[in-house]
Amino acid sequence: MKKILLLSILTLMFSCGKNENEKAIKGLQPVDIYLNLEKQGFTTNKTLGGDLKMWESKKSNLGEDFIVETNSSDTKSVEFVRATVITNSKGDLNKNILFFKFIASLPYEGSDHVTSTKWLEKNLTSKEADTIINEVKFTLKNPSKMVRTLQLEKE
């Protein structure tokens with residue numbers, strides 16, 4: 001009887017762990033991102049059908065477009081976040097550092113907003129830079145004078 005009870009408990013423990021999304025950034029949920037962006041005036045379009053779930057939050061301001069894409073295979077976790085600013089030819093991407101600092105400081109298990117924002121400040125104008133902070137890879141890209149992206153994904 002004790003063996004059956006122990007086996008049942010072990011089976012339950014291992015089956016519960018299988019529900020965790022292995023590709024996800026631990027501790028970060030889509031609602032943590034899009035709800036805070038909506039409080040800042042963004043509108044969010046949710047695409048929740050199929051294998052890929054996507055939340056796209058957008059805001060336009062004086063010739064600049066701010067876009068945050070949050071993606072996952074389920075609705076309770078985040079596999080990657082990509083923040084993009086597209087500015088007109090007269091825009092200055094460097095003045096949007098607060099937007100990128102907000103994304104770089106998203107709260108996840110083991111996040112370190114001081115380290116991530118210092119790395120961002122140091123690499124803001126680099127063509128491309130990346131770093132890993134507690135199992136999350138941060139990738140900053142500046143493909144042109146008018147576009148900058150910051151992506152977070154599980155390493």
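No hydrogens, no waters, no symmetry mates; every other heavy atom, side chains included, goes into these values.
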Next item on the list: Show the numbers, then the answer: is there a side-chain contact (heavy atoms from CB on, under 4.5 Å) between Ser73 and Leu52?
Entry: CA-CA 5 Å; Ser73 55; Leu52 178 66; over 6 Å; no
Would a distance-only check, ignoring hydrogens and angles, find a side-chain to backbone donor-acceptor pair under 3.5 Å from [X] to [Y]?
X      : Y      : result
Asn142 : Ser144 : no
Ser111 : His113 : no
Arg148 : Phe100 : no
Asn36  : Ile33  : no
Gln151 : Phe80  : no
Lys53  : Leu48  : yes
Asn123 : Trp119 : yes

Using 0.5 Å steps for rounding, measure from the [atom1] atom of [X] to the [atom2] atom of [Y].
X      : Y      : atom1 : atom2 : value
Asp112 : Lys118 : CG    : NZ    : 9.0 Å
Leu28  : Leu106 : CG    : CG    : 6.0 Å
Met54  : Thr47  : CE    : OG1   : 5.5 Å
Arg82  : Glu69  : CZ    : CD    : 4.0 Å
Thr131 : Lys122 : OG1   : NZ    : 9.0 Å

Answer with yes or no whether the hydrophobic clustering places [X] together with [Y]; edges join I, L, V, M, F, W, Y residues whose side-chain heavy atoms lie under 4.5 Å apart.
X     : Y      : result
Val81 : Leu124 : yes
Leu35 : Trp55  : yes
Val68 : Met146 : no
Ile67 : Leu150 : no

Heavy-atom side-chain proximity of [X] to [Y] below 4.5 angstrom:
X      : Y      : answer
Ile97  : Glu121 : yes
Val85  : Leu93  : yes
Phe138 : Ile132 : no
Thr149 : Lys141 : yes

Distance only, no hydrogens: is a donor on one side chain within 3.5 Å (strictly under) of an acceptor on the other, for [X] and [Y]?
X      : Y      : answer
Glu38  : Thr43  : no
Ser77  : Ser72  : yes
Asp65  : Ser60  : yes
Glu64  : Asn96  : yes
Thr117 : Ser105 : no
Asp130 : Thr139 : no

In this structure, are over 12 heavy atoms from other groups packed under 6.0 Å from [X] atom [atom1]?
X      : atom1 : answer
Lys59  : NZ    : yes
Leu62  : CG    : no
Glu135 : CD    : no

Check: So Tyr34 and Thr70, side-chain contact (heavy atoms from CB on, under 4.5 Å) or not? Walk me through it.
Finding: CA-CA 8 Å; Tyr34 74 79; Thr70 305; 5.8 Å; no
Next item on the list: Determine, stepwise, if the pair Gln29 / Asp32 fulfils side-chain contact (heavy atoms from CB on, under 4.5 Å).
Entry: CA-CA 5 Å; Gln29 294 187 15; Asp32 298 329; 3.7 Å; yes
Checklist line | Salt-bridge criterion met for Lys137 and Glu153 (N-O under 4.0 Å) | finding: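 No, Lys137 and Glu153 are not salt-bridged.
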Next item on the list: Please report the C-alpha distance between Val78 and Leu152 in whole Å, then the side-chain angles of each, then the deciding distance to 0.1 Å, and finally whether the side-chain contact (heavy atoms from CB on, under 4.5 Å) criterion is met.
Entry: CA-CA 10 Å; Val78 174; Leu152 282 65; over 6 Å; no
Notebook entry, point to check: Would you call the rings of Phe99 and Phe42 parallel, tilted or perpendicular, where under 30° means parallel and over 60° means perpendicular?
Noted result: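 Because their plane-to-plane angle is under 30°, the rings of Phe99 and Phe42 count as parallel.
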Margin query: I need the minimum non-hydrogen distance between Val136 and Tyr108, along with the two atoms involved.
Written below: CG2-CE1, 3.3 Å
